Trainee: 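Pasting in a structure now, in structure tokens, and then I'll have a few things to ask.
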2 protein chains.
Amino acid sequence: MIQLDASDSPDSRTLHDRLVAGIRDIILQGDLPESIRIPEAQLCAQFQVSRTPLREALKALASEGLVTLRPNRGAIVTPLDATLLSEIFEAKQAIEQFIGMHAAIRADVADLTALEDLHCALQQVAHRGDYATYTLLNSQFHDRLAASAQNKQIQKIYSKLQVQIRRARLVINQNPTRMQESALEHEGIMAALRIRAPLDLADRLVRHNKATAEAFMSKVQADRKRPVRI
Amino acid sequence: MIQLDASDSPDSRTLHDRLVAGIRDIILQGDLPESIRIPEAQLCAQFQVSRTPLREALKALASEGLVTLRPNRGAIVTPLDATLLSEIFEAKQAIEQFIGMHAAIRADVADLTALEDLHCALQQVAHRGDYATYTLLNSQFHDRLAASAQNKQIQKIYSKLQVQIRRARLVINQNPTRMQESALEHEGIMAALRIRAPLDLADRLVRHNKATAEAFMSKVQADRKRPVRI
DNA sequence: GCTCTCCTTTATGCATGCAAAATTAAGCGA
DNA sequence: TCGCTTAATTTTGCATGCATAAAGGAGAGC
């Protein structure tokens, strides 16, 4: 998981934080079908808390955009449609541009070594064809790159956009060849980062994002026709 | 105020929405000093509600970044320091770039006429030297421009960044000559928009943002030394 | 006079309870 | 059998209450 605030202690100090993180994880694992009422009572039982803190957590997640509150009709996991997804990729492009321009200049030694390590692992995993691990490491790689831009606001925005995309992965069957392409693009990204080339890095990140977006969007129409889950 | 969701009805249907908007406004008006405990009880009395919905609203605002929750020690209005502000301006630059590139292409006739109207009003107000009205209209102008880019995600991100900057205006004495400069830059922005020149519009927006940021940041050190308020 | 400790007061965090709205089920007529 | 009306059930939204942690203050010790 992404560590944005230093306030995020090992067991997430407050009940509120634990609930927000917990429900977010449940949604990201796809264990809460979208578009249907989130069972407040069930979650209360699951987390062993009363409705008050649970509802507070849901309001916070709503403010994040992950759930939608329908007055008097409960909360639902915000449905992901093609429009929303394409807007998210578009917004992410703007952020990636920024990350490229600034990470190339601001990344410190710790960032660079961490990124090299992740990159190395990614290439091996891509070679093995382990898609699940690739997705995980890929997330970590891009989060670290976002952090290298040294702007907490951007990091937060990026993280929220990534959450939605991670959620989309649940319902979209990924094209396996995309992983190989992605790994190739990552070589270019690392090359640009190593020589600290802002324009090149930004350009490669934007193109990487576009390629991922296209791979996603081409599958959206096909996959979303089928029943979403359960 | 900014209308992001169509769900924002005149009196903001739900109590929750009204509370979030209401507290946000109070903070934006500077009626809640930052860094000291937000008086839960007082707000309850003010809005005539019990602590439960009020606390839910505070959690939502915390998720927005406007307030900070300190476990067992109440909520405070997130303090604005120079670092945070400069990060916000930097992030806004990334968003402005996007807005420029896309608004130039996607703005429809309604957008263009609305922007022309706002622009016209802005120029008059700048000429009169009415700073308060200028700030208000300027906000509306940029919000509308953000909307013209036709991407709800960007619009939301932009709006949240703007909120923080609007808050900063409360504690920073603005340089009056900056308004005149700003009005001039707006002429260029409108010119680029009229001929639908994406690169030029983006460039002008970014430079406009940078100039505003510099005007702000130069005042931050000086002004923030003094007592913040009350 | 200063600091540390203990006690009082206040505020927070969460559970519970109750009224209103929505959902579901049942009954009725066509 | 299907659709509509109405009653029963569930769920939501908010208020209230209670246990606990923090803040404030008084008094003892140095």
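The figures here come from the full heavy-atom set of this structure, side chains too, leaving out hydrogens, waters and symmetry mates. These figures come from a predicted structure and were not determined experimentally.
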Trainee: Expressed as a whole number of angstroms, how long is the span from B:Leu69:CG to C:dA11:P?
Mentor: 18 Å
Trainee: What is the separation between atom CD on B:Glu56 and atom P on D:dT16, rounded to the nearest whole Å?
Mentor: 15 Å
Trainee: Go along nucleotides 6-12 of chain D 5' to 3' and tag each nucleotide: B for a protein heavy atom under 4.0 Å from its base, S when only backbone or sugar atoms are that close, - otherwise.
Mentor: -----SB
Trainee: Looking at side-chain heavy atoms only, is the closest gap between A:Ile154 and B:Glu90 below 4.5 Å?
Mentor: no
Trainee: Output the rounded distance in Å from CD1 (B:Ile36) to C1' (C:dA11).
Mentor: 15 Å
Trainee: Can you tell me how far P of C:dT12 sits from CG of B:Leu43, to the nearest Å?
Mentor: 10 Å
Trainee: Only counting residues at least two apart or in another chain, list the ones meeting side-chain contact (heavy atoms from CB on, under 4.5 Å) with B:Ala213.
Mentor: B:Phe89
Trainee: Is the closest side-chain heavy-atom distance between B:Asn138 and B:His186 below 4.5 Å?
Mentor: yes
Trainee: Find the distance B:Leu15:CG to C:dA19:P and express it as a whole number of Å.
Mentor: 19 Å
Trainee: More than 12 non-hydrogen atoms from neighbouring residues, nucleotides or ligands closer than 6.0 Å to NZ on A:Lys160, yes or no?
Mentor: yes
Trainee: What is the distance, rounded to the nearest whole Å, between atom CG of A:Asp17 and atom C1' of C:dG13?
Mentor: 13 Å
Trainee: Let me know the distance between CG of A:Leu54 and P of C:dT16, rounded to the nearest Å.
Mentor: 14 Å
Trainee: Return each pair, listed once, that meets salt bridge (Lys or Arg N to Asp or Glu O under 4.0 Å) where at least one residue sits in residues 61-74 of chain B; pairs must be two or more places apart or across chains.
Mentor: B:Arg24-B:Glu64
Trainee: With a 4.0 Å cutoff (strictly under), does any side-chain N or O of A:Thr52 reach OP1 or OP2 of C:dC14?
Mentor: no
Trainee: Within the 4.5 Å heavy-atom criterion, are B:Glu56 and B:Leu19 side-chain neighbours or not?
Mentor: no
Trainee: Rounding to an integer number of Å, can you tell me how far B:Ile76 CD1 sits from D:dA23 P?
Mentor: 12 Å
